[in-house]
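Notes for the one structure printed next.
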Amino acid sequence: MTRDGRQAVSSSVDGGVLVLTVDNPPVNAGSTAVRQGLLDGVSRLRDDASLVGAVVVGAGGSFIAGSDLREFGGRLPEPLLPAVITAIEQCGKPVIAALDGHALGGGFEVALGCHGRIGTSRLRVALPEVSLGMVTGAGASQRLPRLVGRETALDLILSGRRVGGAEAADLGILDQVAEPDELLSAAVEMARHATPRILMDEPLPDPAPSLDAIAEPYLASIGARPQLVESLRLVRAAGSRPPEQMLADERSMFDTLRLGEEAAALRHLFFAGRAARKDPLSDRVRAEIVDQLTCAGGAVAPDVGADPASAAPMLTAMAAETAELLRTGIVARPGDIDLLMVDDGGFPRHLGGPLWWATRVGDVSLERSIPPTSVDAVNAVWERVRTDG
């Protein structure tokens with residue numbers, strides 16, 4: 001069930017084909033309810049002799065646009081996505097992904113676990129996990145190389161770029177392209193006649209290439225962040241060990257990074273950016289705020305993370321200015337400041353912004369340079385950053 005009590009995955013039957021429709025507004029995020037709904041549907045497909053195959057499709061003109069990041073800060077509730085995808089792969093009947101709109105992150109991984117993929121020209125697929133401080137967590141580092149080759153797979157994983165439907169077909173990600181109003185019927189027809197194709201059972205289509213040239217621009221751009229280094233390792237190792245071992249390796253690294261500080265910081269910026277889209281600041285105001293905060297806190301160096309103690313007087317002063325900006329309504333949330341200082345002020349993105357970072361490195365002392373009347377306001381800023389940004 002979704003939060004408003006509806007079925008997250010509904011089902012219907014079309015001529016012996018089970019149609020599983022993901023309906024989790026606003027973007028069909030892959031929540032616990034969605035995972036459970038898909039698992040229940042696949043179990044029904046496996047056990048019902050009258051069903052010859054299945055189609056997974058998204059309601060509202062989109063497939064599954066990523067996972068519910070609100071779940072990522074702690075233990076993920078079962079069923080976990082790898083178990084759902086394994087159930088799809090091993091159900092013994094063809095399951096076709098009907099892709100429209102966005103198939104991102106875990107949504108793209110569900111599609112890779114299906115036995116066939118049909119999409120529209122307006123489709124966009126992507127693996128944005130690296131931008132969120134993680135590696136892929138449900139098999140993309142192992143299935144995608146078997147579909148498009150290791151070099152292309154690594155480029156898509158490290159860049160996180162969105163691939164349109166026509167390019168996805170050219171790369172071999174899609175088996176067929178259909179018009180939006182014909183997508184479901186074409187997918188149902190494919191499910192009636194397809195033979196299950198399990199990517200994890202297939203060999204790598206390319207000999208072991210040197211992937212350093214693919215990775216180098218990304219490593220040069222943001223440094224040897226763990227999610228880049230580990231993604232390179234996982235794609236390079238594809239096919240070198242039994243599939244179940246490689247999938248377990250990927251999932252273990254995903255969980256390690258997901259629960260780390262960098263992933264938490266980047267999720268903070270993700271949610272701050274999503275909130276800020278509702279009431280964006282003008283370019284002029286943005287520049288003035290950056291100048292104001294920089295004057296208040298001093299130039300926060302890109303290597304601020306190396307010396308937390310010396311940065312605390314600056315960041316406390318910055319928090320005092322933030323409290324005033326919140327009081328006057330110039331900005332709506334402390335997260336707006338973090339986003340602004342990362343995007344426009346040169347603060348390291350992997351630290352999540354100055355206010356977020358300050359709350360994660362320990363107590364930030366209130367220096368005597370902060371007027372006593374500001375102490376409560378500054379503490380209120382720290383508390384808001386710790387809770388909801």
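Numbering starts at 1 and runs along the sequence shown. Just so it is clear, the model here is predicted, and its values are computed rather than measured. Every heavy atom of this structure was used, including side-chain atoms; hydrogens, water molecules and symmetry mates were not.
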Min side-chain heavy-atom separation [X]-[Y] under 4.5 Å:
{"X": "V13", "Y": "D48", "answer": "no"}
{"X": "D249", "Y": "R233", "answer": "yes"}
{"X": "P77", "Y": "R35", "answer": "yes"}
{"X": "T21", "Y": "S11", "answer": "no"}
{"X": "V110", "Y": "V84", "answer": "no"}
{"X": "D343", "Y": "R286", "answer": "yes"}
{"X": "P243", "Y": "Q142", "answer": "no"}
{"X": "F63", "Y": "V56", "answer": "yes"}

Nearest non-hydrogen partners of [X] and [Y], listed with the distance:
{"X": "A83", "Y": "L39", "result": "O-CD1, 4.4 Å"}
{"X": "L232", "Y": "A215", "result": "CD2-CB, 4.0 Å"}
{"X": "L158", "Y": "S231", "result": "CD2-CB, 3.8 Å"}
{"X": "R150", "Y": "P145", "result": "CG-CB, 3.8 Å"}
{"X": "A263", "Y": "G133", "result": "CB-O, 4.1 Å"}
{"X": "R124", "Y": "G164", "result": "NH1-CA, 3.5 Å"}

Mind checking what makes side-chain hydrogen bond (donor to acceptor under 3.5 Å, both in side chains) contact with [X], not counting sequence neighbours?
{"X": "E167", "value": "R161"}
{"X": "R267", "value": "none"}
{"X": "Q176", "value": "none"}
{"X": "S141", "value": "E250"}

Taking the side chain from [X] and the backbone from [Y], do they hold a donor-acceptor pair closer than 3.5 Å?
{"X": "T256", "Y": "S252", "value": "yes"}
{"X": "R162", "Y": "V125", "value": "no"}
{"X": "E71", "Y": "T32", "value": "yes"}
{"X": "N24", "Y": "A8", "value": "no"}
{"X": "S131", "Y": "P128", "value": "yes"}
{"X": "R143", "Y": "A138", "value": "yes"}

Clusters formed by hydrophobic residues whose side-chain heavy atoms approach within less than 4.5 Å: which one holds L234, and what are its other members?
L69, F72, L76, L80, L132, M134, V135, M246, M253, F254, L257, F270, F271
Fellow cluster residues of V55, listed by chain then number, with links counted only when side-chain atoms sit under 4.5 Å apart:
V17, V19, V52, V57, I96, I118, L183, L184, V188, M190
May I ask whether [X] and [Y] are part of the same hydrophobic cluster, defined by side-chain heavy atoms of I, L, V, M, F, W, Y residues being less than 4.5 angstrom apart, directly or through others?
{"X": "L247", "Y": "L147", "answer": "no"}
{"X": "L123", "Y": "L171", "answer": "yes"}
{"X": "I198", "Y": "L38", "answer": "no"}

What's the separation between atom [atom1] in [X] and atom [atom2] in [Y], rounded to the nearest 0.5 Å?
{"X": "E129", "Y": "L104", "atom1": "CD", "atom2": "CG", "result": "9.0 Å"}
{"X": "Q245", "Y": "S240", "atom1": "CD", "atom2": "OG", "result": "9.0 Å"}
{"X": "L339", "Y": "D344", "atom1": "CG", "atom2": "CG", "result": "8.5 Å"}

Determine which pairs satisfy salt bridge (charged side-chain N to carboxylate O under 4.0 Å, His left out) with at least one residue from [range], sequence neighbours left out, and list them in order.
{"range": "residues 213-227", "result": "R225-E262"}
{"range": "residues 99-109", "result": "D100-R122"}
{"range": "residues 186-204", "result": "D14-R192, E189-R192, R197-E202"}
{"range": "residues 75-86", "result": "none"}

So, using side-chain contact (heavy atoms from CB on, under 4.5 Å) as the criterion, who are the partners of S185 when residues are at least two apart?
E182
Any ring-ring contact (aromatic ring centres under 6.0 Å, His included) involving residues 107-142? Give me the pairs, sequence neighbours left out, ordered by first then second residue.
none
